[in-house]
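For reference, the structure discussed in these notes is given below.
Order of the sequence lines fixes the chain letters, A, B, ..., with proteins taken first and strands second; residue numbering starts at 1 for each chain.
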Number of protein chains: 2
Amino acid sequence: MSIRAVCELGYVSDSVSRVHGRTLAAVTEHASATVGRAERTGGRAERKERTRQKLLDATLQMVTTRSLASVSLREVARDAGIVPTAFYRHFDSMDALGVELVDECMRPLRQMTRDARRGTSNRGDIIAGTVAILGRQVREHPAQFQFLTRERYGGVSAVRRAIAMELRLFTSELTVDLARLTAGGDWSSEDLEMAADLMVAAMLNTVLRLLEVDHRHREDEQRILSTSERQLRLIALGMAAWRSG
Amino acid sequence: MSIRAVCELGYVSDSVSRVHGRTLAAVTEHASATVGRAERTGGRAERKERTRQKLLDATLQMVTTRSLASVSLREVARDAGIVPTAFYRHFDSMDALGVELVDECMRPLRQMTRDARRGTSNRGDIIAGTVAILGRQVREHPAQFQFLTRERYGGVSAVRRAIAMELRLFTSELTVDLARLTAGGDWSSEDLEMAADLMVAAMLNTVLRLLEVDHRHREDEQRILSTSERQLRLIALGMAAWRSG
DNA sequence: AATTTCGGTGTACGCCCGTTCACTGACTAG
DNA sequence: CTAGTCAGTGAACGGGCGTACACCGAAATT
């Protein structure tokens with residue numbers, strides 16, 4: 001007897017659908033039980049952290065195909081294998097979860113900045129190195145970048161604000177780097193920010209392009225990265241010819 | 001007696017909430033009755049078109065603050081002053097409405113292209129002219145641009161595709177224009193596309209910036225447009241120094 | 001060993017949703 | 001004048017949602 005049939009008989013209650021959900025969750029858990037029976041180990045704090053992470057992961061997974069605003073608290077809880085009300089032991093609301101998810105997804109981006117800066121100290125081509133790092137980060141953390149780009153102008157204002165803040169930080173760091181690189185040239189800080197903003201826009205555009213191609217086609221990926229590199233090079237050429245003020 | 005109270009007495013039915021909604025709609029309609037009593041005029045086809053437009057307008061209004069995926073059919077119908085089921089006389093679903101809304105919102109952008117091209121024939125500064133036109137279009141049609149930028153990577157895939165297609169068209173038109181401007185220089189079509197893509201990215205970035213400031217502060221708006229102009233100029237400088245292939 | 005803490009459970013509620021169906025009555029075509 | 005079309009109505013349905021509340025039992029604290 002299907003759940004549907006049960007419902008049509010008017011024998012419906014919240015419990016029925018929840019049991020259905022739990023069944024699915026249990027199956028999923030079983031299928032992805034790579035860690036085996038290591039579920040019930042660790043102290044209370046550790047296990048709470050694990051559940052919390054499951055909630056974040058489940059949400060991130062869903063947001064790769066839909067917008068955060070359309071993901072429900074119940075759905076996330078179901079996927080994480082807990083009852084809806086237990087959600088509140090970890091987050092005040094889906095909005096709050098979203099904001100924390102921004103922080104988590106920013107880590108790849110921050111890592112990228114660090115990597116790129118280290119590459120700068122080497123003797124290689126700064127632009128080529130940066131683009132390569134960008135490509136690698138997007139390939140390795142597609143869901144995170146998907147989330148950030150989708151929700152950057154998405155429906156949840158708290159998340160929008162959080163992303164905007166982090167992105168402003170990113171731009172200002174790049175501004176500092178540009179200041180070092182153009183030392184000696186007569187660049188006003190306003191113009192440096194303008195250039196950094198343009199570069200960030202170009203790179204975000206690249207991220208979007210990378211995300212919308214099937215990443216198994218390495219040739220498409222390479223074409224996009226090549227375009228990105230030439231765009232940054234074009235900007236660099238422009239900067240070399242720039243007279244500030 | 002409040003609706004809330006009615007519901008708590010268990011005296012709830014669909015009708016109650018619908019009547020509530022209609023009351024709100026009626027009030028709204030009354031408040032914004034700038035056209036007065038000209039409601040019941042025109043033939044059947046004409047009135048259908050009017051309702052259709054009301055549905056599109058209501059949706060566009062809502063999407064300025066939330067994502068399309070979170071706007072419900074009932075809500076839109078309520079705002080347009082019709083019963084939910086009548087919605088289907090005009091659109092198959094909210095997704096279908098979204099796709100048509102893309103087309104409607106693209107008109108300002110297409111107008112922009114035309115205006116900019118006309119400006120080109122004049123003797124003035126092409127970049128300054130283009131940026132000015134961009135600023136004017138965004139100021140005059142904020143909701144349309146809001147919708148396009150928000151849903152460009154939003155949750156509804158049909159809408160995403162529609163926007164992506166239109167934007168690709170826009171870029172390819174710009175590529176043609178660039179080809180004319182760089183005639184004589186040794187530019188490959190691939191590099192032209194690369195440059196056009198960068199310019200479109202820069203301009204979209206400008207649109208986003210314009211939308212997120214309070215448009216009553218003309219000084220902020222001017223600062224953003226000035227930055228945009230300098231960014232395009234930086235790119236133009238880069239192009240002047242570019243050696244293709 | 002006794003007590004407290006707290007992550008997770010189970011039930012129930014009121015609400016809004018999309019969609020179905022039979023209908024109504026003003027416009028329109030013959 | 002009449003028959004038909006069709007935008008809009010109104011009631012009902014099954015279902016998902018957020019969240020309040022009382023409860024449980026294992027881990028942590030005393």
Result for 5'-nearest mapping on DNA chain C, choosing between B:A45 and B:Y88, is B:Y88

Which residues satisfy the ring pair (Phe, Tyr, Trp, His ring centres under 6.0 Å) test with B:F91, sequence neighbours excluded?
B:F87

Has the side chain of A:T227 got a donor or acceptor atom that lies under 3.5 Å from a matching backbone atom of A:R223?
yes

A:D92 atom CG is separated from D:dG18 atom C1', nearest whole Å, by 14 Å

Phosphate contact (D:dC17 OP1 or OP2) by A:S72 side-chain N/O below 4.0 Å
yes

Atom CD of B:Q53 to atom C1' of D:dA7: distance rounded to whole Å?
17 Å

In this structure, how many angstroms lie between the C1' atom of D:dA7 and the NZ atom of B:K54, rounded?
12 Å

For A:R50, is there an ion pair with A:E46 - N to carboxylate O distance below 4.0 angstrom?
yes

Can you measure A:R74 atom CZ to C:dG14 atom P for me and round it to whole angstrom units?
15 Å

When the distance from CE of B:M94 to C1' of C:dC16 is rounded to whole Å, what number comes out?
15 Å

Can you name the side-chain contact (heavy atoms from CB on, under 4.5 Å) partners of A:S72, sequence neighbours left out?
A:R74, A:E75

Identify each atom pair where a protein N or O and an N or O of nucleotides 4-8 of chain C are less than 3.5 Å apart, giving names and distance.
| from | atom 1 | to | atom 2 | distance (Å) |
| --- | --- | --- | --- | --- |
| C:dT5 | O2 | A:R44 | NH1 | 3.0 |
| C:dT5 | O2 | A:R44 | NH2 | 3.1 |
| C:dG7 | OP1 | A:K48 | NZ | 3.3 |
| C:dG7 | OP2 | A:K48 | NZ | 3.4 |
| C:dG7 | N7 | A:R89 | NE | 3.3 |
| C:dG8 | OP1 | A:T51 | OG1 | 2.7 |
| C:dG8 | OP2 | A:H90 | NE2 | 2.6 |
| C:dG8 | N7 | A:R89 | NE | 2.9 |
| C:dG8 | N7 | A:R89 | NH2 | 3.3 |
| C:dG8 | O6 | A:R89 | NH2 | 2.4 |

Rounded interatomic separation in angstrom, taking CZ from B:F87 and P from D:dT9
15 Å

Run the side-chain contact (heavy atoms from CB on, under 4.5 Å) test against A:R114 and tell me which residues pass, sequence neighbours left out.
A:R110, A:Q111

Separation of B:L55 atom CG from D:dA7 atom P, in whole Å?
12 Å

My understanding is that only residues two or more places apart in sequence, or in another chain, count here; which of them pass side-chain contact (heavy atoms from CB on, under 4.5 Å) with B:A196?
B:T171, B:L174, B:T175, B:L178

Rounding to an integer number of Å, can you tell me how far A:R78 CZ sits from D:dG15 P?
14 Å

Listed by chain and number, what are the ring pair (Phe, Tyr, Trp, His ring centres under 6.0 Å) partners of B:Y153, not counting sequence neighbours?
none

Go through C:dG10, D:dA12, D:dG18 for me and flag the one nearest to the A:T85 side chain.
C:dG10

